[in-house]
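To start, the structure itself, in structure tokens.
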Amino acid sequence: MHPLLLITSSFLILVSSFAAEGDGTSLFNGKDLTGWDGDPKLWKVENGIVIGTNPTPEAMANNSFLIWRGGTVKDFELRATVRVIGDNNSGIQYRSRELKDVAPWVITGYQCDIHPAIEHTGMTYEERGRGIFGLNGKNVLLDPDGALWQLSEHSPVKVDVSQWNEYVIVAQGNRLQHFINGQPTSELIDHDAAKRTLEGLLAIQLHKGNPNRVEIQELRLKVLPEIPLVPFEPAKLPATTTKIEKPRTSRPQGTGPVVPVKK
């Protein structure tokens with residue numbers, strides 16, 4: 001078996017065994033935002049659901065985040081049931097850090113995007129950093145120089161983000177995997193040692209601009225054992241590996257036009 005296939009097969013078996021042992025620890029108490037930190041004008045708990053609301057394009061100067069203060073995340077499996085109402089997007093930040101010099105509750109780092117545009121939902125992305133890595137349906141690799149390579153592709157997972165969906169992030173070492181409703185959306189192997197992060201904050205994004213509401217029904221975290229980093233071995237890459245340009249977007253918020261700010 002090809003070494004990368006062997007790694008992937010072993011990894012999936014490992015993930016399955018963790019899932020069989022339980023779904024991890026809930027990070028919400030179902031009553032209030034104890035253990036979390038966000039702008040109190042934007043976040044609340046109602047009927048057991050965490051709700052972040054951006055009421056108007058003028059309400060937020062930056063994307064604002066609800067930050068978990070229970071510690072940092074390193075190697076883990078995270079399961080979140082989320083929906084986004086309104087033509088805008090959200091995301092789950094992980095291994096991230098605060099940018100207090102920009103504004104309170106502003107975050108940079110890896111993100112599992114929750115976006116109404118199918119190509120973006122579930123993609124691997126870095127907020128206020130290196131941008132998009134792998135769109136929905138793309139498995140990619142960053143080499144030690146930061147160049148992007150596509151390892152493989154599959155049909156994108158199609159979901160309606162305004163409905164409840166389960167988003168799963170599995171991060172171990174420099175390998176990051178995203179799933180929606182049990183289906184893989186994107187995978188990143190990050191060999192860019194100068195810019196990658198192996199540990200950091202967990203947070204939920206509320207996007208500025210078009211009015212929207214993000215709701216989180218459940219969020220559970222399971223700590224996974226540390227494993228060795230995937231080494232960069234060009235000779236062992238799949239034959240399908242192709243160097244690609246960093247993807248860009250024409251849909252910075254949702255699928256329609258950006259609502260202008262009133263002056």
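Every value quoted in this text rests on a predicted model; they were computed, and no experiment measured them.
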Original post:
When you look at Glu127 and Asn63, which way does the side chain to side chain donor-acceptor pair (under 3.5 Å) test go after all the steps?
Top reply: CA-CA 10 Å; Glu127 172 86 2; Asn63 296 342; 3.1 Å; yes
Quick one: do [X] and [Y] make a salt bridge, cutoff under 4.0 Å?
X	Y	result
Glu199	Arg95	no
Glu218	Arg79	no
Lys263	Glu58	no

Minimum side-chain heavy-atom gap [X]-[Y] below 4.5 Å:
X	Y	value
Met123	Ile132	yes
Pro247	Leu135	yes
Glu77	Val168	yes
Asn165	Thr81	no
Ile189	Leu151	yes
Leu141	Asp143	yes
Leu99	Arg97	yes
Gln163	Arg83	no

Spatial distance of atom [atom1] ([X]) from atom [atom2] ([Y]) [nearest 0.5 Å]:
X	Y	atom1	atom2	result
Leu66	Ser90	CG	OG	10.0 Å
Asp192	Asn174	CG	CG	11.0 Å
Thr185	Asn136	OG1	CG	5.5 Å
Leu201	Trp68	CG	CH2	9.5 Å
Ile216	Ile51	CD1	CD1	9.0 Å
Leu229	Arg196	CG	CZ	5.0 Å

Salt bridge (Lys or Arg N to Asp or Glu O under 4.0 Å) involving [X] - partner list, sequence neighbours excluded:
X	result
Arg213	Glu215
Glu245	none
Asp190	Arg130

Original post:
Any idea which heavy atoms bring Val157 and Pro184 closest together, and the distance?
Top reply: CG2-O, 3.4 Å
**OP:** Please report the shortest heavy-atom distance between Pro57 and Val261, naming the atom on each side.
**Re:** O-CG2, 3.9 Å
Within the 3.5 Å criterion, strictly below it, is a donor on [X] or [Y] matched to an acceptor on the partner's side chain?
X	Y	result
Gln111	Glu126	no
Asn139	Gln150	no
Thr124	Ser186	yes

Subject >> Single hit among Phe28, Phe65, Trp43 for ring-ring contact (aromatic ring centres under 6.0 Å, His included) with Trp36 >> reply: Phe28
Residue pairs, two or more places apart or on separate chains, that pass ring-ring contact (aromatic ring centres under 6.0 Å, His included) and touch [range]:
range	value
residues 203-226	none
residues 141-174	none
residues 230-262	His191-Phe232

Checking [X] side chain against [Y] main chain: does a donor-acceptor pair fall under 3.5 Å?
X	Y	answer
Asp87	Gly256	yes
Asp145	Ala147	no
Asn88	Lys208	yes
Asn210	Val258	no
Thr53	Pro55	no

**OP:** Kindly state whether the ring of Tyr94 and the ring of His178 have centres lying under 6.0 angstrom apart.
**Re:** yes
